[in-house]
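The next block holds one structure in the form of structure tokens; read it before the comments.
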Amino acid sequence: MTLDAPARGLEPASADRSGSAGRGAARLARSLAAVAASVFATFLGLLAITFFIGRVVPIDPVIAVVGDRAPKDVYEATRIALGLDRPLVEQFARYCLAVLSGDLGTSISTGNRVVDDLRHVFPATLEMATIGIVIGVGLGVPMGVWAAARQGSWIDQVIRVAGLLGYAVPAFWLGLVGLAVFYARLKWVGGPGRLDIAYDGLIEPVTGLLLVDSLLAGETEIFANALWHLALPCSVLGFFSLAYIARMTRSFLLDQLSQEFVVTARVKGVPEWKVVWKHAFRPILIPLVTVIGLSYAGLLEGSVMIETIFSWPGIGNYLTTALLNADMNAVLGATLVIGAVFIGINKLSDILYRVLDPRAA
Amino acid sequence: MAAVDWLLDDSPSSRLQARIGRLYRLALAIARNPLAVAGAVIVGLLVLTAAFAPWIATQDPIVQSLGDRLKPPSAAHWMGTDELGRDIWSRVVFGSRITLTIVLLVALIAAPAGLVVGAVAAYAGGWTDRVLMGLTDVFLSMPKLILALAFVAALGPGIENAIIAIAITSWPGYARIARAEALVIRNSEFIAAVELQGASAWRVISTNILPLCVSSMIIRVTLDMAGIILTAAGLGFIGLGAQPPTPEWGAMISRGRSFILDQWWVATMPGFAIVLVSLGFCFLGDGLRDALDPKRTEGK
Amino acid sequence: MSDALLEVENLRVSFPSPRGERVEVVRGVSFRVGRERLGIVGESGSGKSITGRAILRLIRPPGRVTADRLAFRGRNLLDLSDTAMREVRGAGISMVMQDPKFSLNPVIRVGDQIAEALVTHERRPSREVRRRVIEMLQAVRIDDPERVARLYPHQLSGGMGQRVMIAMMLIARPDLLIADEPTSALDVSVQAQVLDIVDALVRDEGMGLIFISHDLDLVSSYCDRILVMHRGEIVEECAAGRLREARHPYTRGLLAAVPRLDDTREELPVLDRRAMGGT
Ligand SMILES: Nc1ncnc2c1ncn2[C@@H]1O[C@H](COP(=O)(O)OP(=O)(O)OP(=O)(O)O)[C@@H](O)[C@H]1O
Ligand SMILES: [Mg+2]
């Protein structure tokens, strides 16, 4: 026969696809269990890596405690006291327990417990990254949609190049250039630090987020000043998140726009903006959640590079200072916290994806 | 005209013709994409600059000349001079060697490592697969930059350690791709036929599976280059990568930081070099992907 | 045939080839459809679907459509603004697509998708829209319309999906329905039912129907008139009953290749493409 065989009766039984709700729930539960297992494995892996780094570090931890001129017996005693004579597995177990109970050791440069230091600096980073992601989503999603809807037009090219710039521009450099242009020359934004010096220490930290705390205290002037200082670092972070989100949105949407159901919508006479925003955009909402999560986690990581530039008293600044002082407890503590938050957000968006998808992956 | 027909022949008569034809088609596809051409040109320029640095540079990148310190860009110093009177243009030119070395070494360490892990996992299946991929996933879920920082902190600052740290954090991506590709190939009739002829597992992997993964790996490596450059520059900027007086771009930006408000060129110029080169790799990688994987871009 | 709904003259559709030049996949097709059932048959890739989509102006760049005349109820579709063309789509001409698995939006409830086809063209109170959706689902013989309207497409079987599709395409009462292989993704057992539904609805509403298929037997038993397409051209046009008298070698080849129950041939004949000459 020259025509396609008309008998396609061998297609897998389609009537059964309605699938009972119970089976779907079981499948969801199983896939969530798999995520839980991977969360556990990943956290354990993170602990193993920081533990391992702590061991191979060239600085002998005993000498770090007793000094390099200590007599041999003192050295040995400290070594045993620190548990360094035990088998590695046991040391690792102890390390995990210590971390879980919130003990990350003491920082040699600040003299404080690392946990307390981190608790103190984390809100500054969180505030910056959160505003950054809001900018990134608010601009990145519409730009990506716009580019995809006009695929091949000049606006698409511009958005594509802007998206690629997000992969090509060093964050710390953009921050520097931004300071030189928008702070020093144009005076459009506040300079380094979270507040002008005049306002420093006037607000009692409650949440640690200056915008929230200043509002709670009713200090609108300080609120405005905090915003003024947040503008530049958040725009820089926002640019990177925008670039990534726009790029992913564009590629997801292009995928959808080539689907048959988009043709169906056009056949019905649905206007093009609605074809794009309703028919093609709705199915990508769920994968976009994952992308936004990844981007948010990436911003927390990216703040490490930015904070030094802006003298931002956040976790990134804490980490870089600790790195340069070979303050290993602080380095590993900050690595653990950033890693844990990063993994947490990642896995959370993974879970969200599985729960939200009506097709219950 | 006849030559073009031979190149584009739909039914090539030899393997050589098929292969050259494929390369020609790839070149055509890239040539039709202006961004990809721009990328190829930039990457080409990078390689040439690195190769002929001593001839392109106008001065020695290391020797100081305190009388000339912090001069703005001029005919004598195209990009100005830094705080020790060194010509920034010459330093940027020599810096291209460092950047190229870093990306090449990272690619040469991480990509083959990932390739082998992925191919072995896919081919062996079962527990080997699960353990290897579990490990890969753990690494993939980690923040790469922070991990690289922590590794360098442990290994000690320096360019070699920076390369090792970046390589350690970037192999898992390649393992993932290699496994996905290898799984498809592994389940093909073609591999079954090779196995029937009694080839050993290692032989099958190294002579049949690995070469077939290469094209998607090349795309991925090209796309990752920008990230590697940025991470390396970031390490240099923080002071954990290349050490002075090496003209590494990130380290140069770091030194220019204190002068950013008055002598903007010290920090800005090396940054342009980073942006240009990273962008070149991005364009090229994007173009390669579009050319090798047309269904991703053309709607239906 | 003066009361033609759709007149197509010299319709051409081309796409750029990887080598750069343009390739015509529909090459000068002309036909007219009134309130009748017109079948278009042809092998895979002969340009049937592209013809259907070109009529609705759904070929997007880099594809290019030209025609001397492409008129629906006397109005030239190629001259219409995008807005005017949207009025025609769905309410004037609509199209049942090939595979319900890919042609329904996976994340919108079936009832909402059907309703959208109606409210795009007529503003109506939502109670009435709901009622019309349920009626339409009943019309395509879905037993439990209230429940089905709340389902997502992946929860439907193939046959149900295609009935939903038909309901969606007919709810705005178009004058002309293009059915692009509406049954080829379905089990044989459901094919007949679905065709039956289309047939009844088309007859009741007095619509025109363009039925696209690669199944010559099906088309000849189902349509009034038949066009045979081959490589982007119409090679044969005849009344369904007179198909046996077809002259073009391609059609004759197709007819010879259809197996019959009373067949005693050793081997099915194969199309001899060389005999067909210069197409
Ligand atoms: N976007 C496109 N770009 C280039 N060529 C295309 C495009 N869409 C369709 N074609 C070509 O147009 C020709 C006709 O396609 P069409 O879908 O109309 O075939 P058909 O007769 O409907 O076949 P089938 O029975 O398989 O559905 C095919 O050769 C196809 O390769
Ligand atoms: Mg078709």
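Lettering follows sequence order; numbering is per chain, from 1.
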Practice prompt. Counting only heavy atoms closer than 4.5 Å, note whether A/L165 contacts chain B via side chain, backbone, both or neither.
Written response: both

Fill in: Among the listed options A/A180, A/P170, A/A184, A/G45, the residue most often paired with chain B at heavy-atom distances under 4.5 Å
A/P170

Worksheet item: Should the ring pair A/Y167 and A/Y244 be called parallel, tilted or perpendicular, given that the plane angle runs from 0 to 90° and is split at 30 and 60?
Response: perpendicular

Discussion item. Is A/Q259 in contact with chain B via its backbone, its side chain, both, or neither, using a 4.5 Å heavy-atom distance?
Written reply: neither

Practice prompt. Under 4.5 Å heavy-atom distance to chain B, tell me which part of A/I309 shows up: side chain, backbone, both or neither.
Written response: both

Item to complete: Using modelled atom types only, decide if a donor and an acceptor are shared between the side chain of B/T81 and the backbone of B/K71 within a distance under 3.5 Å.
Response: yes

Worksheet, complete the sentence: Given B/L140, B/I238, B/I229, the one with more heavy-atom pairs under 4.5 angstrom with chain A than any other is B/I238

Worksheet item: Would you say B/D129's side chain and B/G125's backbone share a donor-acceptor pair under 3.5 angstrom?
Response: no

Name each donor-acceptor pair under 3.5 Å that joins a side chain in residues 329-344 of chain A to protein atoms two or more places apart or in another chain, with its distance.
{"unit_1": "A/N329", "atom_1": "ND2", "unit_2": "A/T106", "atom_2": "O", "d": "3.0"}
{"unit_1": "A/T335", "atom_1": "OG1", "unit_2": "A/V331", "atom_2": "O", "d": "2.6"}

Worksheet item: Of the backbone (N, CA, C, O) and the side chain (C-beta and beyond), which part of B/F151 lies under 4.5 Å from a heavy atom of chain A, both, or neither?
Response: both

Discussion item. Looking at A/D327 and A/I108, would you say the former's side chain and the latter's main chain have a donor-acceptor pair under 3.5 Å?
Written reply: yes

Worksheet, complete the sentence: Applying a strict 4.5 Å limit to non-hydrogen atoms, the region of A/L46 in contact with chain B is both

Item to complete: Quick one: do B/D82 and B/R91 satisfy salt bridge (Lys or Arg N to Asp or Glu O under 4.0 Å)? Show the steps, please.
Response: CA-CA 10 Å; B/D82 67 5; B/R91 285 176 67 73; 3.7 Å; yes

Item to complete: Could you have a look at B/L135, B/L261, B/L145, B/T231 and say which one has the most heavy-atom pairs with chain A under 4.5 angstrom?
Response: B/L145

Item to complete: Name the member of A/T50, A/V181, A/T308 that forms the most heavy-atom pairs with chain B at distances under 4.5 Å.
Response: A/T308

Item to complete: Sort B/L240 into side chain, backbone, both or neither according to what part of it lies under 4.5 angstrom from a heavy atom of chain A.
Response: side chain

Item to complete: Please flag which part of B/D286 lies under 4.5 Å from any non-hydrogen atom of chain A: side chain, backbone, both or neither.
Response: side chain

Worksheet entry | Most chain A-contacting option - heavy-atom pairs closer than 4.5 Å, from B/F272, B/F283, B/F281 | B/F272

Discussion item. Between A/E307 and A/T320, does the side-chain hydrogen bond (donor to acceptor under 3.5 Å, both in side chains) criterion hold? Intermediate values first, please.
Written reply: CA-CA 9 Å; A/E307 287 181 359; A/T320 32; over 6 Å; no

Worksheet, complete the sentence: Checked B/A226, B/P143, B/G271 vs chain A; the most non-hydrogen pairs under 4.5 Å come from B/P143

Worksheet entry | Proximity breakdown for A/V169 and chain B, heavy-atom pairs closer than 4.5 Å | both

Item to complete: Show your working on side-chain contact (heavy atoms from CB on, under 4.5 Å) between B/L284 and B/I42 and close with a plain yes or no.
Response: CA-CA 9 Å; B/L284 185 63; B/I42 293 171; over 6 Å; no

Practice prompt. Any chance you could lay out the salt bridge (Lys or Arg N to Asp or Glu O under 4.0 Å) test for A/R266 and A/E272, step after step, and finish with the verdict?
Written response: CA-CA 7 Å; A/R266 292 194 181 120; A/E272 194 59 27; 3.0 Å; yes

